[in-house]
Amino acid sequence: MSIVNELYRIKQRDFSEKLRELTDPRIIYVTDLVSCSHKRSMRLSFPLLSFKFEPPLVLGDLVHAGLGSLLAENGWEAEVQIEKSYIIDGKEYILKGRADLVRRGKNGKPEIVVEIKTSRDLPENNPREHHVMQLRIYMQLLGANRGYLLYVTPERLVEFEIEPAEMDIEGLIRETIYDLQTPRYEWECRYCSFRKICPYARTNKRTP
Ligand code: SF4
C-alpha cells in the first residue's frame, strides 16, 4: 500500500470527473476572473496540462479539509458551491465558484465568507490583490456583508477583514472570454502550467 499512490489516484479521479466541465467554453470559474485570461483559453485547448500533483497543493487541500471539518462543529459550512448564469453578447455563461467557509445568519442567508490561502510566505504582510477580488466576488454572489482572508503559512496564521465592494462581474467575464488580460500579473507566468507552450508567456530576459 502506498498513501502517496492512493492520494494521486484520488486527485486523478477528481480531475477526470471534472474534465468535461473544464473543457466546456460556457463555464467560467471565479478564479478565471482574477487571473491571466489566457489561462482559460489554454485550459480549453490543453486540459490535461492543468493536472498537478505537487506537495504544496496536497498540503493546501489538507489545510482546507482540516479547517473545514474543525470549524463545521462551530456552525461553519465548508466548500459552498456558487453558480450564476450571465448573458454576455447573446451567449450564456455559467460562473462557478466555491467559497471555503460560510456562516449563515438566523434567517439562513450567508453573512460571513472566509477564503483560506496557503503559501510559503506572505509578502509585505498584506492580502494579495487577486485574493481580495476573489473574496469580494464570492461575497457579492452570496449576498454576504463580511469577509475574511485567512492565510496559513509555515510562520503565520493571520486573517484580514475585507470590506465588501461592488465588483463589475460582467466586465471581468468579458475580459476573460475576450482574453484581454494576458497576463493579469507579470508573476503569473512563472507558476503557470502552460508557460512552455504559451505564446504570451513572459520570460526572464538574460542580461547580455
Ligand atoms: S504563460 Fe503567462 S500569459 Fe501564458 S497562459 Fe500562463 S500566465 Fe497567461
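Excluded from the calculations below are hydrogen atoms, water molecules and symmetry mates; all remaining heavy atoms, backbone and side chain alike, are included. Counting convention: from 1, in listed order, for ligands and their atoms alike.
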Is the shortest distance from a Lys or Arg side-chain nitrogen in Arg103 or Glu111 to a carboxylate oxygen in the other one below 4.0 Å? no
Within one Ile-Leu-Val-Met-Phe-Trp-Tyr cluster: Trp76 and Phe160, side-chain cutoff 4.5 Å: no
Excluding water, the protein N, O or S atoms sitting under 2.8 Å from atom 2 (Fe) of ligand 1 are Cys189 SG
Hey, which of Glu115, Glu159, His131 is the one that makes side chain to side chain donor-acceptor pair (under 3.5 Å) with Tyr151? His131
Could you check whether any side-chain heavy atom of Ile28 comes within less than 4.5 Å of a side-chain heavy atom of Ile94, counting everything from C-beta outward? no
Pairing of Lys117 and Asp100 as salt bridge, 4.0 angstrom limit: no
Quick check on the hydrophobic clustering: are Val114 and Leu149 connected, directly or via other members, by side-chain heavy-atom contacts under 4.5 Å? no
